[in-house]
Amino acid sequence: MSEERLRLEKICRYYGEITAVENVDLTVEQGEFLVLLGPSGSGKTTLLSMMGGFTEPSSGKIYIGEEDITDMLPASRPTVTVFQDYALFPHMSVQDNVGFGLTMRRVSRRERSRRVEESLDKVGLKGFGDRGIHQLSGGQRQRVALARAIAVEPAVLLLDEPLGALDLKIRHQMQEELVHLQKSLNTTFVHVTHDQDEAMSMADNIALINHGQIVDHGPPERIYLRPSNRFTATFMGDSNMIEASIKSQQEGRASVVSPYGIFDVPCKLPTGTSVHIVWRPEQIRTGSGHSSEGVINLGEAKVTEVVFQGTHRQCHVRCGTEMDQELILKVSPRNPILAGDLVQIYAFESDAVVLTD
Ligand code: ADP
Ligand code: MG
């Protein structure tokens, strides 16, 4: 159903000298779960608020389907926003909170009570209608805010860090439930977070924002495994970044000079280009890779620190031909590696990401 696609075209928002959002082009397909991810102050709330109609863009256009909604009031748009602080009415019952948007839209009493019931049921709060807001836990309040949003059956649901105030266990549970709810409603969700794990576990697509610009956009696996730039590589979890320069180039394979010596990587960049080669901590292995096809030997490494983290051991090592480089490795919890050990390390060519920024 491309007719309800959300599309932002060259959206900018300035506050005096401050550029909050710059030149954002973004398309969210109908039924997609998009996560807008970025550090604090990167422009997430401002961008979401322009989608919802609470902030006016300095320039640019916003469309849903073919309709230009840039100048449309929030209540007239087919969008609903779930705010960071939930914005529930503390003196109203759960059902009056959930029915609020419907009252504003002049939905009949009967239809309203049907939709309130149905929405409470969908968020797992069946039978909570008569309760007061103050009688609810943080997680339950979050569900009420969600029920209120879905009750009006928006084309696009906008959520600003909706799980930020919840403790870790409830947050994980709500992440799963939100995805489940989104799939069952088939409503477009734009979900803001600064948490990369949350983004990866929930998104169909991630739009990564930094200094008001979308710097990377795609499915979580692509964003994590093949980041387009150094910001993505470092923001999406730990990464090892090796400075290198291209010494020669032949048919899509480049020979690079690096602090680990000379090795080949798949890459089409011309001779002389300065690059960063990225491997994730779990992509650098210990032991000898020898001369197996596609293996890059990174030489000897001295283990400086090992931290047991349940699912893996995180190790810091010093390495490189001058022993002046540092890498982070994630190895199996059963790997008996200890601080002080000397180990051989290697990685696979196919895991290497070559970046030019
Ligand atoms: P995020 O939600 O990613 O933390 P925001 O969208 O809230 O980021 O803010 C982006 C930038 O715009 C920040 O530098 C912030 O200080 C600025 N900003 C946001 N709202 C206003 C405002 N009403 N007046 C002035 N500056 C603002
Ligand atoms: Mg914000």
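Counting begins at 1 with the first residue of the sequence. Indexing begins at 1, ligand by ligand and atom by atom, following the structure's order.
- The cationic group of Arg222 does not satisfy the cation-pi geometry with Tyr224, failing either the under 6.0 Å distance to the six-membered ring centre or the 45° limit from the ring axis.
- Nearest to atom 20 (N) of ligand 1 among the protein's heavy atoms is Tyr15 CE1, 3.4 Å.
- Using a 4.5 Å heavy-atom cutoff, the side chains of Ser255 and Ser248 are in contact.
- Distance remark: protein heavy atom present below 4.0 angstrom from atom 22 (C) of ligand 1.
- Residue contact check for ligand 1: Ser40 places a non-hydrogen atom closer than 4.0 Å to it.
- Remark: minimum distance from atom 13 (C) of ligand 1 to any protein heavy atom is reached at Gly41 O, 3.8 Å.
- Summary of contacts: the protein heavy atom closest to atom 16 (O) of ligand 1 is Ile18 CD1, 4.9 Å.
- Atom 12 (O) of ligand 1 has Ala20 CB, 3.3 Å as its closest protein atom, hydrogens excluded (heavy atom only).
- Between Arg115 and Glu153 there is a salt bridge, with a side-chain nitrogen of the basic residue lying less than 4.0 Å from a carboxylate oxygen of the acidic one.
- Considering backbone and side-chain N/O of Gly43, one or more are found under 3.5 Å from N/O of ligand 1.
- Within the 4.5 Å cutoff, no side-chain heavy atoms of Glu9 are placed close to those of Ile62.
- The pair Arg141-Asp85 does not meet the salt-bridge criterion, since no charged nitrogen lies less than 4.0 angstrom from a carboxylate oxygen.
- For Pro39, every heavy-atom contact with ligand 1 shorter than 4.0 Å involves the backbone, none the side chain.
- Residue contacts to the Mg ion (ligand 2): Thr45 brings an N, O or S atom closer than 2.8 Å.
- Electrostatic pairing of Glu177 and Arg143 counts as a salt bridge here, judged by a charged N lying under 4.0 Å from a carboxylate O.
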